[in-house]
Protein chains: 2
Amino acid sequence: MPVESRPRRVTSVDVAREAGVSRTTVSYVLNATPHQKIPDGTRQRVLDAAARLGYAPSAAARALQSGRSDVVLYLLPDWPVGPAVTHTLVRLSTALAAHGYTLLAYPRAAGRPVADVWRSIEPAAVVSWEDLDPADVAAMRAAGVLVAVALLRGPGTAEGSLEVSQQRIGRMQAEHLAAAGHRRLGYADPDDPRVRGFAEPRLDGVRAACADLGLDEPVVRTVPPDTATAADAVRAWREAGVTAVCAYNDDVALAVLAGARAAGVDVPGGLAVVGVDDVPAAALAAPPLTTVTTDQEGIAEHIAALVVAGLDGTPPPPRLTSDVVRLVRRASA
Amino acid sequence: MPVESRPRRVTSVDVAREAGVSRTTVSYVLNATPHQKIPDGTRQRVLDAAARLGYAPSAAARALQSGRSDVVLYLLPDWPVGPAVTHTLVRLSTALAAHGYTLLAYPRAAGRPVADVWRSIEPAAVVSWEDLDPADVAAMRAAGVLVAVALLRGPGTAEGSLEVSQQRIGRMQAEHLAAAGHRRLGYADPDDPRVRGFAEPRLDGVRAACADLGLDEPVVRTVPPDTATAADAVRAWREAGVTAVCAYNDDVALAVLAGARAAGVDVPGGLAVVGVDDVPAAALAAPPLTTVTTDQEGIAEHIAALVVAGLDGTPPPPRLTSDVVRLVRRASA
DNA sequence: GTGAAAGCGCTAACAT
DNA sequence: ATGTTAGCGCTTTCAC
């Protein structure tokens, strides 16, 4: 429903005139400015006038005047995000709203530079999965962004916690399989080069766990979402003596399952499989998929706390406890 | 990496001083204002100064002055969106960027009113899946939003096209099954009440197709993502003489598949199943899932055209052709 | 308790 | 060809 012909903005001047007061008073009333005692009569008149006129303060003017924005920008990666991430988005939005910040997500298209967005909006903070490149960081600072949080691969301290989580995911997969007696694991890497940032730390976690537990190095294969290729991978693993596979995520794990089916390999008898994410399809797969899941609520809460701390100058939240990652035990491993 | 202590904004005054010109000239150069012949020497000096200082114009000031925002706000629904939707987001972002608009997504949390967001940003247009309630629309207009596009259930003209698509999805499922000789269809409704807006028109499409083709009324059952309950639904359908099921989407279809497996019903022999979305897991299911998919690129392109038309006053794009929905034939039906 | 006035950073009509 | 100036809508001292 295209809405036509904006009839000229209602400004605080209009409200002031309608209420028979000055703009100052309007501002005081509408912002509930402390230490400014406005008599209830006047107050009510202003409120009524504003409501009658449908007054909405100009975000641009407010931002310009205050020199401060309450927008937190979330850079949506251009690679496919699971349902978990979109859920996190809503949680994060809620958590930030509780502190007076508004979360806005920017879907970065592959080619375009992030910097484009500073032209349209000046966020107070930016949340990104990957580190931004130095030029973008410079542009960001110039645009007045106060806080940036990178969720992955950051060499810093606080933001490193999610990086650790990624490794813990891999560790947990491997530890579960080792506990079930598997000595030689496979790792099913995703096809999509864009998710390297996630796949690598997870694989690192698997490697580390194998080393710690005295298992062989994991045998890595790339598994596209294609049954025939996955079947090849399954056969190759079997020939290499692999009895269990950690998959990058549930989608890849489902491909492994399909491959095993095609190759006539029983799961978990011939090959055990562990995924990551616990997507809805995981529980419904044949066999139901054992998978590692993360506490998205906790993560969202934590990111929010990180951002708010940076913005409000309050102390940063404690490192995320390691139990944000959890194993969901089903039939596949 | 929390970025500390913004050293005071670089403004166009700074650039002017650095380049030894006035702010006007800076503005002219940086905006490439037409019909303003600035000698190349001056131009270059300004550009250099801006680059040296890392100047970034203030989005707030620019918005305030122009009275016009180039932000298009996409209201992210609070219900789970499939990978298709997030992909659309990126496409839409790109398409709008080509016209100078910036797409920002707002993850609406369930309880909070949409109106909250106008406080932080004044978009030029809003794209929403569902119709907004009248109060929100009023607030939106007051906030200076020029164009609103509702993707679903709008009684209007242009925006109705996606609504039609939803019905076509259902039609296509039913038509495919009818063509395969099925006379009595089931419909697998989603568990989640939040997706009613999608489920209803799809079911309407199935009903319409059944009526047109002289089939029985479809037998509707709600199928949660739970194997046991899905198995019950499968048995109930079989008892009712249903030989094929249209599922709301692939996740529901996978549940039906799992249910059939648990109930010992062969797919497609005992029960044919058609999903919607073609999620990655669909091709990997056992059996591979026949599903209806939509041309997300086309849809994104179309929404962008709709928005740009409303914003720039250009003629609206033609109605989406019906071939945005397509059947992916696999083993399940 | 309320109003007048300045100023946030920018653009554009007007002057030079 | 470039500079001066006004004004976008708001908040916030500072007077009254």
Side-chain angles (χ1 to χ4, degrees), chain A residues 6 8-47 49-50 53-70 118-122 124 142-144, chain B residues 6 8-47 49-50 53-70 118-122 124 142-144:
Chain A
R6 172 179 50 174
R8 204 184 109 290
R9 212 177 201 310
V10 177
T11 78
S12 74
V13 180
D14 299 316
V15 178
R17 188 176 333 102
E18 178 85 5
V21 296
S22 76
R23 266 158 69 228
T24 312
T25 308
V26 172
S27 175
Y28 283 159
V29 170
L30 264 36
N31 298 325
T33 310
H35 305 308
Q36 292 292 345
K37 285 177 174 330
I38 310 276
D40 269 5
T42 314
R43 230 179 65 83
Q44 208 40 254
R45 257 198 349 270
V46 171
L47 258 22
L53 266 36
Y55 170 67
S58 149
R62 188 195 283 260
L64 176 57
Q65 138 69 32
S66 71
R68 203 176 186 319
S69 151
D70 63 353
W118 318 136
R119 218 196 38 184
S120 304
I121 194 169
E122 293 167 15
Chain B
R6 171 181 51 174
R8 202 183 111 291
R9 215 181 197 306
V10 177
T11 78
S12 74
V13 180
D14 299 317
V15 177
R17 188 176 334 101
E18 177 86 5
V21 297
S22 78
R23 266 159 70 229
T24 311
T25 307
V26 173
S27 173
Y28 283 158
V29 170
L30 263 35
N31 298 324
T33 310
H35 306 305
Q36 292 292 345
K37 277 153 191 340
I38 310 276
D40 269 5
T42 315
R43 232 179 64 84
Q44 208 40 254
R45 256 198 350 269
V46 171
L47 258 23
L53 265 36
Y55 170 68
S58 150
R62 188 196 282 259
L64 176 58
Q65 133 69 30
S66 72
R68 203 175 186 322
S69 150
D70 63 352
W118 318 135
R119 218 195 37 185
S120 305
I121 193 168
E122 293 167 17

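Order of the sequence lines sets the chain letters (A, B, ...), proteins ahead of strands, with each chain counted from 1. Hydrogens, waters and symmetry mates are skipped; everything else that's a heavy atom, side chains included, is used.
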Going by salt bridge (Lys or Arg N to Asp or Glu O under 4.0 Å), name the residues that satisfy it together with B:Arg43, two or more places apart in sequence or in a different chain. B:Asp40

Sequence neighbours excluded, which residues qualify as salt bridge (Lys or Arg N to Asp or Glu O under 4.0 Å) partners of B:Asp70? A:Arg119

Using five pairs at each end of the helix from C:dG1-D:dC16 to C:dT16-D:dA1 to define an axis, what is the angle between those two axes, to 10°?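 Inter-axis angle at the ends, rounded: 40°.
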
Of all heavy-atom pairs between A:Val10 and A:Tyr55, which one has the smallest distance, and what is that distance? O-CD1, 3.5 Å

Roughly how far, to the nearest 0.5 Å, is the CD atom of A:Glu122 from the OG atom of A:Ser69? 7.5 Å

Residues in side-chain contact (heavy atoms from CB on, under 4.5 Å) with [X], at least two apart?
X	result
A:Thr24	A:Ser22, A:Tyr28
B:Ser66	B:Arg68
A:Ala60	A:Ser58, B:Ala63, B:Leu64
B:Glu18	B:Ala49, B:Arg52, B:Leu53

Has B:Ser27 got a side-chain N or O lying under 4.0 Å from the OP1 or OP2 atom of C:dT11? yes

Please determine if a side-chain N or O atom of B:Ser12 lies less than 4.0 Å away from the OP1 or OP2 oxygen of C:dC10.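 Yes, B:Ser12 has a side-chain N/O under 4.0 Å of OP1/OP2 on C:dC10.
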
Whole-Å distance between [N] [atom2] and [X] [atom1]?
X	N	atom1	atom2	value
B:Tyr55	C:dG9	OH	C1'	7 Å
A:Leu30	D:dC10	CG	P	10 Å
A:Asn31	D:dG9	CG	C1'	13 Å
B:Gln65	D:dC10	CD	C1'	15 Å
B:Arg68	D:dG7	CZ	C1'	19 Å
B:Leu64	C:dC10	CG	P	12 Å
B:Arg62	D:dC10	CZ	P	21 Å

Residue pair A:Arg45 / A:Thr25, side-chain heavy-atom distance below 4.5 Å: no

Between protein and nucleic acid, restricted to nucleotides 1-4 of chain C and to nitrogen or oxygen atoms under 3.5 Å apart, what atom pairs and distances do you find?
residue	atom	partner	partner atom	Å
C:dG1	O5'	A:Lys37	O	3.2
C:dT2	OP1	A:Thr42	OG1	3.0
C:dG3	OP2	A:Ser22	N	2.6
C:dG3	OP2	A:Ser22	OG	3.0
C:dG3	OP2	A:Thr25	OG1	3.0
C:dA4	N6	A:Thr24	OG1	2.8

